[in-house]
Novice: 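The structure that follows is given in the form of structure tokens.
All figures in this text were calculated on a predicted structure; none of them were measured in a lab.
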Amino acid sequence: MNKNMLAMMVGAVTAGVLTVGGWFGYRHYEQQVSPGEVLRGFDATSPAGTAPHTEDIFTGRVVAFEEQRDLQSWTSDIYRVEVVSVLRGNVRGRVRVAYAPEEEPGPRLTDGETYVFATRAWDGATVKDGHAQLFKGPMKPVDEKQLAVWKKASAEPPVRKR
């Protein structure tokens with residue numbers, strides 16, 4: 001067998017292996033995600049995983065539940081929130097936060113309670129003065145231990161949008 005024929009055979013076998021491997025890899029991801037699920041590039045259930053992907057991290061007192069509606073195919077609760085303190089970003093005053101719990105129906109946030117919000121701003125057309133809550137872990141009223149974890153997480157530099 002000459003060298004050219006051997007090189008072509010090796011190339012064909014390599015291409016076949018890569019094609020079959022890619023197909024099985026795609027099937028692996030396709031089986032993990034069912035309709036209504038999202039693949040994230042970060043762990044949205046931990047402060048350390050979520051913080052680098054946020055624009056704003058702040059404590060806020062829930063003033064009122066405003067409405068529930070579909071935003072980008074997710075049923076979201078919209079809350080009016082009074083900013084209490086800012087760990088990252090420049091959010092001030094009253095904002096609207098869209099919160100879509102992982103399990104539907106999720107528990108509603110309690111009016112008058114203060115929570116930590118890790119958010120990205122919505123564009124103006126989606127929710128006026130709105131922020132999307134990126135953290136998908138359990139939302140509990142803020143305490144000193146939880147605040148310390150978020151302060152540490154917010155010290156990490158943010159990941160830039162592409």
Side-chain angles (χ1 to χ4, degrees), residues 22 24-162:
F24 280 114
Y26 170 77
R27 298 291 300 160
H28 172 72
Y29 282 117
E30 184 181 55
Q31 291 169 359
Q32 288 181 352
V33 181
S34 61
E37 291 184 0
V38 172
L39 274 179
R40 291 186 189 92
F42 64 95
D43 179 8
T45 61
S46 77
T50 305
H53 301 275
T54 64
E55 290 174 354
D56 300 297
I57 301 173
F58 60 95
T59 60
R61 184 179 56 80
V62 174
V63 176
F65 167 78
E66 288 190 351
E67 64 180 321
Q68 186 177 67
R69 66 174 152 152
D70 286 340
L71 297 172
Q72 298 180 346
S73 302
W74 287 96
T75 301
S76 299
D77 293 339
I78 311 293
Y79 295 93
R80 176 65 61 187
V81 175
E82 181 75 36
V83 176
V84 175
S85 66
V86 178
L87 303 175
R88 173 186 290 157
N90 58 5
V91 65
R92 301 281 184 263
R94 285 194 176 182
V95 295
R96 298 171 81 200
V97 177
Y99 173 57
E102 287 290 296
E103 290 111 25
E104 290 186 30
R108 287 235 161 94
L109 302 181
T110 307
D111 290 357
E113 290 287 352
T114 300
Y115 299 89
V116 175
F117 294 94
T119 67
R120 272 200 183 275
W122 283 107
D123 63 22
T126 306
V127 178
K128 185 177 179 348
D129 300 324
H131 294 260
Q133 172 72 351
L134 297 183
F135 179 66
K136 300 299 180 188
M139 290 292 287
K140 298 177 183 173
V142 70
D143 59 25
E144 290 301 319
K145 182 179 175 186
Q146 182 186 32
L147 192 57
V149 169
W150 277 104
K151 281 181 180 178
K152 181 179 177 185
S154 68
E156 295 296 319
V159 173
R160 299 287 175 218
K161 280 187 185 178
R162 292 188 169 140

Novice: In the structure I gave you, are the side-chain heavy atoms of Thr114 and Glu82 within less than 4.5 Å of one another anywhere?
Specialist: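 Contact flag for Thr114/Glu82 side chains = no.
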Novice: State, to 0.1 Å, how close Tyr99 and Phe135 come at their nearest heavy-atom pair, and which atoms those are.
Specialist: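 Here Tyr99 and Phe135 meet closest at CE1-O, 4.2 Å.
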Novice: So which heavy atom on Ile78 is nearest to which on Ala98, and how close?
Specialist: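 The answer is CD1-CB, 3.7 Å.
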Novice: Suppose we screen for side-chain hydrogen bond (donor to acceptor under 3.5 Å, both in side chains). Which residues come up paired with Arg88, at least two apart in sequence or across chains?
Specialist: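 With neighbours one apart ignored, the set is Thr54.
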Novice: If you look at every heavy atom in Val84 and Arg61, which pair is closest and at what distance?
Specialist: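 Of all heavy-atom pairs spanning Val84 and Arg61, the closest is CG2-N, 3.8 Å.
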Novice: Glu67: which residues meet the salt bridge (charged side-chain N to carboxylate O under 4.0 Å, His left out) condition with it, sequence neighbours left out?
Specialist: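 Only Arg69, Arg96 meet the salt bridge (charged side-chain N to carboxylate O under 4.0 Å, His left out) criterion with Glu67.
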Novice: side-chain contact (heavy atoms from CB on, under 4.5 Å) between Phe58 and Val95: does it pass, once the steps are laid out?
Specialist: CA-CA 11 Å; Phe58 60 95; Val95 295; 4.1 Å; yes
Novice: Closest approach of Trp150 and Ala51, non-hydrogen atoms and distance?
Specialist: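 Looking at all heavy atoms of both residues, the shortest contact is CZ3-CB, 4.4 Å.
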Novice: Give me each pair satisfying salt bridge (Lys or Arg N to Asp or Glu O under 4.0 Å) with a member in residues 106-117, each pair once, sequence neighbours excluded.
Specialist: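 For residues 106-117, and leaving out neighbouring residues, the salt bridge (Lys or Arg N to Asp or Glu O under 4.0 Å) pairs sorted by first residue read Asp77-Arg108.
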Novice: How would you list, by chain and number, every residue that makes a side chain to side chain contact (heavy atoms under 4.5 Å, CB included) with Asn90, sequence neighbours excluded?
Specialist: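 So Asn90 forms a side chain to side chain contact (heavy atoms under 4.5 Å, CB included) with Asp56.
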Novice: Considering non-hydrogen atoms only, spot the tightest contact between Val62 and Thr110 and give its length.
Specialist: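 The answer is CB-O, 3.6 Å.
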Novice: Taking side-chain hydrogen bond (donor to acceptor under 3.5 Å, both in side chains) as the test, write out the residues that go with Thr59, two or more places apart.
Specialist: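 Ser85.
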Novice: Under the side chain to side chain contact (heavy atoms under 4.5 Å, CB included) test, which residues partner Glu156, sequence neighbours left out?
Specialist: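 Testing Glu156 for side chain to side chain contact (heavy atoms under 4.5 Å, CB included), a comparison that skips the adjacent residues, returns none.
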Novice: Might you point out which heavy atoms bring Ala118 and Thr50 nearest each other, and give the distance in Å?
Specialist: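 That would be CB-CG2, 4.2 Å.
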Novice: Measure the CG-CG distance between Leu147 and Leu87 for me, rounded to the nearest 0.5 Å.
Specialist: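 Output value for this atom pair is 6.0 Å.
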Novice: Between the main-chain N or O of His53 and the side-chain N or O of Arg120, is there a donor-acceptor pair closer than 3.5 Å?
Specialist: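 Flag set: sc Arg120 to bb His53 pair under 3.5 Å.
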Novice: For Val149, give me all partners under side chain to side chain contact (heavy atoms under 4.5 Å, CB included), at least two apart in sequence or on another chain.
Specialist: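 Result, side chain to side chain contact (heavy atoms under 4.5 Å, CB included) vs Val149: Pro47.
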Novice: Using ring-ring contact (aromatic ring centres under 6.0 Å, His included) as the criterion, list what pairs up with Tyr115, not counting sequence neighbours.
Specialist: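 Per chain and number, Tyr115 pairs via ring-ring contact (aromatic ring centres under 6.0 Å, His included) with no residue.
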Novice: With sequence neighbours excluded, what pairs up with Lys152 under the side chain to side chain contact (heavy atoms under 4.5 Å, CB included) test?
Specialist: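 Once residues adjacent in sequence are excluded, Lys152 has no partner under the side chain to side chain contact (heavy atoms under 4.5 Å, CB included) criterion.
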